[in-house]
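Report on the structure given below.
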Amino acid sequence: MARAPLSPAQAPVPYLMACRDEEQERPPAIHTMNGPTAAGINYADGVLQCPDPVRFQGKPVPLILAWTGEEPPAPAPPRETDIRSIDGVRWETWTGKPQGEPLWTVHHPARQLELMDSRTRCLVGGGPAHRTRSGLLWLLPADPTQADPRSTTAIRTANPPLCLRHAHQAQRHCRRLAVECLVLVVPEVEIVAVRGTVHRPGADPRWEELDLDHPDLEFMVGQQLVAELRNPVVLRELPPLTSPNRKGNESPSAQSSAPAVLAKQVTAAGSEVSS
């Protein structure tokens with residue numbers, strides 16, 4: 001079930017969930033950061049504006065999250081009438097609207113699919129993720145049970161990337177990220193697996209992560225796409241987004257310098273690894 005890779009120049013506009021009978025463009029299986037940028041946008045030129053998310057009690061709510069006004073379906077094996085992801089996996093379809101209270105630890109399956117499958121959209125605002133010539137920006141909770149990320153060539157995650165502004169915002173508002181997190185610049189990303197409930201005949205349903213070539217995907221109701229972040233560079237901290245000018249406003253020159261600061265950090269991190 002692996003998809004044929006396309007070059008970044010062939011990458012379509014971000015994938016959106018559509019009706020069952022509509023044709024849908026396939027984003028590339030491997031998205032590298034060398035060469036032309038997706039959709040003709042040069043992310044290295046500056047910090048592009050990502051839409052602000054809605055707020056709940058003053059706190060920004062990432063687009064990827066589910067709300068109490070949205071409900072999952074009753075547990076059931078995959079059906080032929082189910083909406084499918086672009087890999088043919090039947091996808092869990094929720095009803096309702098994003099209203100009420102946010103479910104801070106729950107990804108909405110359709111929005112997670114939409115954001116992760118693009119590989120270039122911010123999980124908070126849905127706009128373009130921060131990108132330089134060295135790669136895309138990822139911010140992940142630190143996991144002490146896993147190997148040192150500086151010594152690995154690949155990390156798996158169900159979290160999409162972020163724009164720089166919302167990465168700073170996430171560090172302020174997310175408890176897990178505020179305590180300790182991984183700041184990564186990733187040059188190559190591939191969708192490699194699906195997480196969801198597997199309904200094998202004669203067995204109890206189980207939540208599992210299955211690779212895209214696994215034969216039991218036909219029994220899965222998918223909830224999350226899983227990306228493999230290849231050759232990530234670990235930074236010590238997020239680069240500054242802006243610096244205040246004398247009037248206390250954001251400085252445009254500081255915004256445009258953020259990619260350059262990030263590039264310097266990537267170079268420094270690479271030197272530490274090689275030394």
_Under 3.5 Å: donor-acceptor pair, side chain of Glu209, backbone of Ala193_ = no
_Is there a path of hydrophobic side-chain contacts, each under 4.5 Å between heavy atoms, that joins Trp104 and Leu139?_
yes
*Rounded to the nearest 0.5 Å, what separation is found between the CD1 atom of Ile191 and the OG atom of Ser118?*
8.5 Å
*Less than 4.5 Å apart, any side-chain heavy atom of Val194 and any of Val226?*
no
*Can you tell me how far NZ of Lys97 sits from CD of Glu70, rounded to the nearest 0.5 angstrom?*
11.0 Å
*How far does CD of Gln171 sit from CG of Leu162, to the nearest 0.5 angstrom?*
10.0 Å
*Given side chains that start at C-beta, do those of Val89 and Leu210 come closer than 4.5 Å, heavy atoms only?*
no
_Verdict with supporting geometry, Gln57 and Glu101, side-chain contact (heavy atoms from CB on, under 4.5 Å)_ = CA-CA 10 Å; Gln57 296 180 351; Glu101 297 185 14; 5.7 Å; no
_Minimum side-chain heavy-atom gap Leu137-Leu238 below 4.5 Å_ = yes
*How close do Leu115 and Cys122 get, heavy atom to heavy atom, and via which atoms?*
CD2-O, 3.8 Å
*How far does CD1 of Ile155 sit from CG of Leu184, to the nearest 0.5 angstrom?*
5.0 Å
*asked:* For the backbone of Cys50 and the side chain of Arg165, can you confirm whether one donor and one acceptor N or O come within less than 3.5 Å of each other?
replied: yes
*Check whether any side-chain N or O of Thr197 sits under 3.5 Å from a backbone N or O of Val221 as a donor-acceptor pair, and report yes or no.*
no
*If you round to the nearest 0.5 Å, how far is CD of Glu228 from CG of Asn231?*
9.5 Å
*asked:* So does Pro109 get a backbone contact from the side chain of Trp94, meaning a donor-acceptor N/O pair under 3.5 Å?
replied: no
*Does a side-chain heavy-atom distance below 4.5 Å link Val192 with Leu212?*
no
*Within 6.0 angstrom of Arg200 CZ, more than 12 heavy atoms from elsewhere*: yes
*Evaluate whether atom CZ of Arg175 has more than 12 neighbouring non-hydrogen atoms of other residues, nucleotides or ligands under 6.0 angstrom away.*
no
*Do Leu123 and Pro161 come close enough that some side-chain heavy atom pair is under 4.5 Å?*
no
*Which atoms form the tightest heavy-atom contact between Pro102 and Trp67, and what is the distance?*
N-CE3, 3.5 Å
_Flag if over 12 foreign heavy atoms under 6.0 Å of CZ, Arg156_ = yes
*asked:* Do Leu225 and Gln112 make a side-chain contact, defined as non-hydrogen atoms from C-beta onward lying under 4.5 Å apart?
replied: yes
*Do any N or O atoms from the side chain of Arg111 and from the backbone of Leu63 form a donor-acceptor pair under 3.5 angstrom?*
yes
_Single-linkage hydrophobic cluster Val54~Phe56, side-chain heavy atoms < 4.5 angstrom_ = yes
_Taking Leu164 as the starting point, is it possible to reach Leu235 by hopping between hydrophobic residues whose side chains are less than 4.5 Å apart?_
yes
*Return yes if some donor-acceptor pair links the side-chain N/O of His199 with the main-chain N/O of Ala76 below 3.5 Å, else return no.*
yes
*What pair of heavy atoms forms the shortest contact from Arg195 to Trp207, and how long is it?*
CB-CZ2, 3.7 Å
*Under 3.5 Å, side chain of His168 to main-chain N/O of Pro239, donor-acceptor pair present?*
yes
_Residue pair Val189 / Ala227: nearest heavy atoms and the distance that separates them_ = CG1-CB, 3.9 Å
*Can a salt bridge be assigned to the pair Arg90 and Glu218 using a cut-off of 4.0 Å between side-chain N and carboxylate O?*
no
*Heavy-atom pair of closest approach, residues Glu92 and Pro72*: OE2-CB, 4.1 Å
*Between the side chain of Trp138 and the main-chain N/O of Asn159, is any donor-acceptor distance below 3.5 Å?*
yes
*State, yes or no, whether a side-chain contact exists between Met116 and Gln224 at a heavy-atom distance under 4.5 Å.*
no
*asked:* To the closest 0.5 Å, what do you measure between CH2 (Trp91) and CE (Met220)?
replied: 8.5 Å
*Would you mind reporting whether His166 and Pro53 have side-chain heavy atoms less than 4.5 Å apart?*
yes
*asked:* Testing the basics here: between Pro73 and Thr93, what is the closest heavy-atom pair and its distance to 0.1 Å?
replied: CD-O, 3.4 Å
*Can you hop from Val106 to Val61 via hydrophobic side chains spaced under 4.5 Å?*
no
